[in-house]
There are 2 protein chains.
Amino acid sequence: MTQVPLTQEALADEGLTVRDRHALMHHEIRQRICLLDYLPGMRLSEAALAEEFGTSRTPIRRVLARLEDEGLVQSFHGVGTLVTDADFDALEQVYRLRVELTAMTGRLDPVPPDFGYIARFDQLVLRGAAIVQSGTARAFTQFDIDVFLTLQELTANQPLRQTLERLYFQTKRLWLRAAEEAQLDLEEEFKIFQHQLEAIQCALKSGDVEAVAHIQRAHISMSFNRLQQKAR
Amino acid sequence: MTQVPLTQEALADEGLTVRDRHALMHHEIRQRICLLDYLPGMRLSEAALAEEFGTSRTPIRRVLARLEDEGLVQSFHGVGTLVTDADFDALEQVYRLRVELTAMTGRLDPVPPDFGYIARFDQLVLRGAAIVQSGTARAFTQFDIDVFLTLQELTANQPLRQTLERLYFQTKRLWLRAAEEAQLDLEEEFKIFQHQLEAIQCALKSGDVEAVAHIQRAHISMSFNRLQQKAR
DNA sequence: GAATTTCATGATGTGTACAACACCAATGGT
DNA sequence: ACCATTGGTGTTGTACACATCATGAAATTC
């Protein structure tokens, strides 16, 4: 798989509204931060990003301002826009809130999965099996993001989804960072995640959205515990 | 109490960093929306706001973009920036999430109140008593905002506070709107709120932050129920 | 030689002109 | 009389020049 400049192509596409272009750039930069392409502390140049995305600084600044509100970057006048440090203690609060909110997805406006959804999830399980056998930490994270976004569809509560998305991307960096520092047993992590996927798959087929939420909650909580253990 | 142009004075103050100016304008415009100075559907002119705050459109646009992320306004190219409609059904989700999250403030990183905090809360109770006797819906809402922000200090969990603040300002308009449409018994609402304040005061003095959270939760839930009843 | 000052450099923040777009009223044709 | 077209007007979105600020290296002074 080669690194294609998909963002430039996508932005060159016509028929995109202003909102879409903004969302695309936001999504792309956020993903780069969470995949550690942009490491914590790294300086993001507005001018460089503007050139890359084929626009001026103004739209880029709007995206960066949003990312700043979301806690992923921080701008300093005269210095630059820096990727925030994924501090463990500070993110513990985010993790704990995520755990509670995830459990809530089963109670607040759950969406019963239809056949198409279950089919898509089956595809994800297959893709996960491939990663267990031969996958990098980065590919796994990318996969984890896709799974998360798919599971988000099971809640119709928009503010809950929006909040969970913010929290997810704030914490996700922590895992990948620990993995790259070899603090985590990658193979074990893959297997655990795959087991979780299969459990969710089972719950989905019985239409039990609340069970899906509980499985997720347990997984997030345990994942954080493993992280906490290895960090000390 | 006269309408003083406090924002212009505050913005004219030196020694304010860029962040502070941004926060001031954000706070001011958000408050105007929630106090229904800017009614749902009303068009906010960037140029007019820029002139009022003594700046150019650029910083105003940043504030409006943030308000758009928070769901209070929505911008349309070539049309304008409109205050979002406080739709009841859509905000029901927000209300329900608020109820759950408020209960969580007692469990996630509660902050035991010190003597100074209790003293400040006593002041609030006194101020509330004055509103019960002779207060407008607007003054009450302003008071409610201050109480909310004070109670927020009882949680050290930053993301939880940030989330609750978003949700609070999204729903607060609904109450004031119903009150102004005379759907609510104002005097009754005042008394109920004052009773809640005194209950919280009692809980604070025994240092039971979790009880404070539960009282809040119950109040928010009941307040929404009264709103729901009167709306039909 | 070390401390201090100065200044060059590059970053974000701001102001402003212009482009893109939506709305509406006036106008012309049918 | 009605409809389509067209242009005027006001809005948000974008590009760019400039202001403001922080940083570090170089020059200067003691």
Side-chain angles (χ1 to χ4, degrees), chain A residues 7-8 10-29 33 38-84, chain B residues 7-8 10-29 33 38-84:
Chain A
T7 59
Q8 280 198 4
L11 289 176
D13 276 349
E14 299 297 330
L16 282 176
T17 176
V18 173
R19 266 195 162 66
D20 295 334
R21 292 161 54 96
H22 174 79
L24 272 175
M25 291 192 291
H26 173 76
H27 193 83
E28 176 64 25
I29 297 179
I33 292 175
Y38 297 152
L39 288 167
M42 180 173 168
R43 206 192 54 205
L44 302 185
S45 167
E46 294 180 354
L49 286 172
E51 189 179 12
E52 180 192 353
F53 288 100
T55 179
S56 76
R57 276 180 56 213
T58 309
I60 295 291
R61 282 182 59 74
R62 180 176 169 149
V63 172
L64 290 180
R66 184 171 165 192
L67 289 171
E68 184 165 11
D69 288 338
E70 294 172 349
L72 294 182
V73 303
Q74 202 165 358
S75 291
F76 300 94
H77 190 180
V79 180
T81 301
L82 311 181
V83 178
T84 53
Chain B
T7 58
Q8 279 197 3
L11 289 177
D13 275 351
E14 300 298 330
L16 282 176
T17 175
V18 173
R19 267 196 160 67
D20 295 334
R21 291 162 56 98
H22 174 77
L24 272 175
M25 292 191 291
H26 172 74
H27 193 83
E28 176 65 24
I29 297 178
I33 293 175
Y38 296 153
L39 287 168
M42 179 173 167
R43 196 168 50 86
L44 301 186
S45 168
E46 294 180 353
L49 286 172
E51 190 180 10
E52 180 193 354
F53 288 102
T55 179
S56 77
R57 275 179 57 211
T58 309
I60 295 290
R61 281 182 58 74
R62 179 173 168 154
V63 172
L64 290 180
R66 184 172 163 189
L67 288 171
E68 184 166 10
D69 288 338
E70 293 172 350
L72 295 181
V73 303
Q74 203 165 356
S75 291
F76 301 94
H77 190 181
V79 180
T81 301
L82 311 181
V83 178
T84 53

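Any value given below was found using the heavy atoms of this structure, including those in side chains, with hydrogens, waters and symmetry copies removed. Residue numbering restarts at 1 for every chain, and letters A, B, ... go by the order of the sequence lines.
- Considering only the side chain of B/Ser56, C/dT14 comes nearest among C/dT14, D/dG13, D/dA15.
- Atom pair A/Arg21:CZ and D/dT12:C1' shows a separation of 15 Å (rounding to whole Å applied).
- The phosphate of C/dA11 has neither OP1 nor OP2 within less than 4.0 Å of any side-chain N or O from A/Thr81.
- Using a 4.5 Å cut-off on side-chain heavy atoms (C-beta onward), A/Leu82 and A/Gln74 make no contact.
- Between A/Gly78 and B/Leu44, it is B/Leu44 whose nearest contact on DNA chain D lies nearer the 5' terminus.
- Using a 4.0 Å heavy-atom cutoff across all strands shown, B/Arg43 reaches sugar-phosphate atoms only and no base atom.
- Residues A/Pro59 and A/Met25 form a side-chain contact, since some pair of their non-hydrogen atoms from C-beta on lies under 4.5 Å apart.
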> Are A/Leu67 and A/Glu70 close enough, and set up right, to give a side-chain contact (heavy atoms from CB on, under 4.5 Å), and what steps lead you there?
Replying inline: CA-CA 5 Å; A/Leu67 289 171; A/Glu70 294 172 349; 3.7 Å; yes

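- Without hydrogens or angle criteria, B/Thr84 side chain to B/Leu72 main chain gives a donor-acceptor distance under 3.5 Å.
- Atom CZ in B/Arg61 sits roughly 13 Å away from atom C1' in C/dG15 (whole-Å rounding).
- The residue among A/Arg57 and A/Val79 whose nearest nucleotide of DNA chain D is located toward the 5' end is A/Arg57.
- When the C1' atom of C/dT12 is taken as reference, atom CG of A/Leu49 falls 13 Å away, rounded to whole Å.
- Taking atom CD of B/Glu68 as the reference point, atom P of D/dT12 lies 11 Å away to the nearest angstrom.
- The distance between atom NE2 of A/His77 and atom C1' of D/dT23, rounded to the nearest whole Å, is 13 Å.
- Between B/Glu46 atom CD and C/dG15 atom C1' there is a gap of 14 Å when expressed in whole angstrom units.
- At the phosphate of C/dA11, neither OP1 nor OP2 sits under 4.0 Å from any side-chain N or O atom of A/Ser75.
- A/Leu64 has its CG atom 13 Å from the C1' atom of C/dG13, to the nearest Å.
- Between D/dT14 and A/Thr58, no contact under 4.0 Å exists linking OP1 or OP2 to a side-chain N or O.
- A/Val83 places a side-chain heavy atom less than 4.5 Å from the side chain of A/Leu44.
- Distance CD1 (A/Ile60) to P (D/dC16): 14 Å, rounded to an integer number of Å.
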